[in-house]
Amino acid sequence: MTEPLLAIRGVKAFYGNIMALKGVDLDVNDGEIVTLIGANGAGKSTLMMTVFGNPRAREGSITFQGGDITNVPTHEIAHLRIAQAPEGRRIFPRMTVLENLQMGATVSEPGHFEADMKRVCTLFPVLGERLHQRGGTLSGGEQQMLAISRALMSRPRLLLLDEPSLGIAPMLAKQIFRAIRELNERDKLTVFLVEQNAFHALKLAHRGYVIVNGLITLSGSGRELLESPEVRAAYLEGGRH
Amino acid sequence: MEYFLQQLINGITLGSIYGLIAIGYTMVYGIIGMINFAHGDVFMVGGFIALIAFLALVAIGVTAIPVALFLVLLIAMALTALYGWAIERIAYRPLRQSFRLAPLISAIGMSIILQNYIQIVQGAGAKPLPRLIEGGHTLIDSEAFAVRLSNIQIIVVLTTFVLMVAFSWLVAKTRLGRDMRACEQDLKMASLVGVNVDRTISLTFLIGAALAAVAGIMYLLYYGVVDFYIGFVAGVKAFTAAVLGGIGSLPGAMLGGILIGLIETFWSAYFTIEYKDVAAFSILIVVLIFLPTGILGRPEVEKV
Ligand SMILES: Nc1ncnc2c1ncn2[C@@H]1O[C@H](COP(=O)(O)OP(=O)(O)O)[C@@H](O)[C@H]1O
Ligand SMILES: [Mg+2]
């Protein structure tokens, strides 16, 4: 067994005195799509941000490509080629689409810019037509595509996606899930995906984890989790399919 | 009419100086959401550094005025920038994670320290500089009143204009400017894409202080004196200018500066000079009540 690309071990994270992560263990292997599902407030977004040291893990360790990144400053983690499309998309609202993509390329080599622009505009053609529109005026779905594209501009080895389907039309959500699969299969991009939309996420992912109240309670292959009674009861029946 | 025109010229000159200072307030507020109350005193320090540099240059025999002026500009900008940088490192950065009022209080403390420091090492009296730039042009010469545009006024307005253009270009077109705007719009996201936020904030303080230094030099040339207290008065007015224009907005800072300069000048010219500061501060209050986002500001929607 080779070592995982991202290894999270016994991570505890706090907001003030409130413990949001209570000792999380999670692996993402090279080339995988791994999904993390859980109810609102379970700690999914916190875990994604903790990978970037914001909030920092107060206990436990996070390693990336074998190197300890637990205490590396946030902006240097981006330089290791981990990219995130965070919760709420966080587009720079008063920058154009083009400038948002330039920001995404902060850690990338300038020589890659043109090629990478072509790549994301092929993936999401609507962005190519809106290069000079301000990010804040895009629709929710377009903003999500821009958030993912911005992350891709750094040529990430690991892409973190926090609820990319939240609050956008099902059609667009489908397009985004299709794009994630394509990136994984064609470009061998490793993806760590957080979703409340458990059904789609588990169908897409190779492996999944379930987080409840800051603790991982269940893990397995996407198919196993889809068929597990606990997951069905808590996240699928009656949920959004 | 001639009198009016003369006041217009004077007001724009004064407003240029306020505008240069206002940029420092507005940039820092934009990025870290804090009013840097010590910024006016940084301007004052810039004026003193310029004065000392002038005298030192004359002492070592640099008497050609354009050369001296250019050297003073470089020296004062560099040293004042260092002050701006150090203030952020010492007084603000350690407090960035604490409650909102902490850095504000620290800034007021920094302002008092700078004033007292200059008062102690330079004395409380006004320090004069011999008039370096003479002459001017008479634009209109009617019997009643001659409208004059002095060479110093030309230099002040021209320098401000060039710096504004250069600075706007930096913010709009360069990598650093883009990083600054990213930090202003979403600090956390900027760090996620790999922007070194601490470094960008440092550079913002550095540039703001350098511009304040230029304002200090202009003030020194225009009025011929500096004292330890000019930073307080000019600082509050420049801050008013930033709020009037819309805090966080660069063109707003410049526009606000010019407006405050004009209001102050016209007030002194047509009403009473004693109440000129009251005029500026009344405007601050009126703007805060009726136009809290300023002329070119935007409503606070995404800022927390
Ligand atoms: N900035 C914050 N300050 C304080 N508490 C927070 C903050 N962000 C999240 N929390 C709390 O941490 C817990 C986990 O939140 P989060 O990671 O956002 O959950 P999820 O993404 O799974 O919905 C919740 O109880 C939430 O209220
Ligand atoms: Mg979340």
Side-chain angles (χ1 to χ4, degrees), chain A residues 15-16 45 48-56 72-96 98-110 113 134-137 143 146-147 149-156 159-162, chain B residues 26-27 29-33 93-94 96-100 102 168-204 246-252 293-294 296-304:
Chain A
Y15 293 108
S45 300
M48 292 232 149
M49 293 309 291
T50 302
V51 171
F52 275 86
N54 188 348
R56 212 160 271 296
V72 174
T74 301
H75 69 272
E76 283 176 25
I77 289 173
H79 284 261
L80 299 172
R81 297 290 198 279
I82 306 180
Q84 178 167 186
E87 177 168 45
R89 310 183 269 263
R90 304 189 87 139
I91 295 305
F92 297 111
R94 292 179 298 284
M95 286 192 182
T96 63
L98 178 64
E99 285 176 320
N100 268 281
L101 294 173
Q102 286 171 328
M103 287 314 298
T106 296
V107 301
S108 178
E109 282 165 38
F113 188 75
R134 283 180 159 214
T137 63
Q143 286 194 4
L146 178 55
S149 301
R150 179 179 61 188
L152 290 173
M153 290 302 287
S154 69
R155 298 204 169 178
L159 176 64
L160 309 185
L161 297 175
D162 195 341
Chain B
T26 235
M27 281 201 311
Y29 181 84
I31 294 188
I32 53 178
R93 189 177 298 183
R96 207 177 296 149
Q97 306 303 330
S98 45
F99 64 108
R100 262 183 95 84
S168 304
W169 173 81
L170 179 125
V171 170
K173 299 286 182 216
T174 67
R175 172 90 184 245
L176 171 63
R178 205 168 61 223
D179 286 356
M180 285 164 72
R181 282 183 289 137
C183 288
E184 185 246 321
Q185 295 175 28
D186 191 336
L187 212 54
K188 190 167 173 179
M189 192 62 228
S191 70
L192 288 186
V193 297
V195 174
N196 185 340
V197 168
D198 280 341
R199 183 173 152 271
T200 309
I201 291 174
S202 274
L203 286 169
T204 305
I247 193 136
S249 153
L250 282 181
T293 58
L296 299 180
R298 47 176 187 275
E300 295 280 284
V301 272
E302 53 259 313
K303 265 241 155 56
V304 196

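Letters go in sequence order (proteins before strands), and every chain restarts at 1.
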_Residue selection (most heavy-atom pairs with chain B, distance under 4.5 Å) from A:Gln102, A:Met153, A:His79_ =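 Heavy-atom pairs under 4.5 Å are most numerous for A:Gln102.
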Between [atom1] on residue [X] and [atom2] on residue [Y], distance to nearest 0.5 Å:
{"X": "B:Arg181", "Y": "A:Glu99", "atom1": "CZ", "atom2": "CD", "value": "4.0 Å"}
{"X": "A:Gln84", "Y": "B:Leu192", "atom1": "CD", "atom2": "CG", "value": "5.5 Å"}
{"X": "B:Met189", "Y": "A:Asn100", "atom1": "CE", "atom2": "CG", "value": "9.0 Å"}

*Please look at A:Thr74 and chain B and tell me whether the side chain, the backbone, both or neither of the residue comes under 4.5 angstrom of a heavy atom of that chain.*
both
*Would you mind checking which part of A:Phe92 comes under 4.5 Å of any heavy atom in chain B, side chain (CB onward), backbone (N, CA, C, O), both or neither?*
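For A:Phe92, heavy atoms of backbone and side chain both lie under 4.5 Å from chain B.
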_So which atom in A:Thr106 and which in B:Arg175 form the shortest heavy-atom distance, rounded to 0.1 Å?_
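Heavy atoms of A:Thr106 and B:Arg175 come nearest at O-NH2, 2.8 Å.
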Kindly indicate whether the side chain of [X], heavy atoms from C-beta on, has any atom under 4.5 Å from the side chain of [Y].
{"X": "A:Ile91", "Y": "B:Gln185", "value": "no"}
{"X": "B:Asn196", "Y": "A:Glu76", "value": "no"}
{"X": "A:His75", "Y": "B:Val197", "value": "no"}

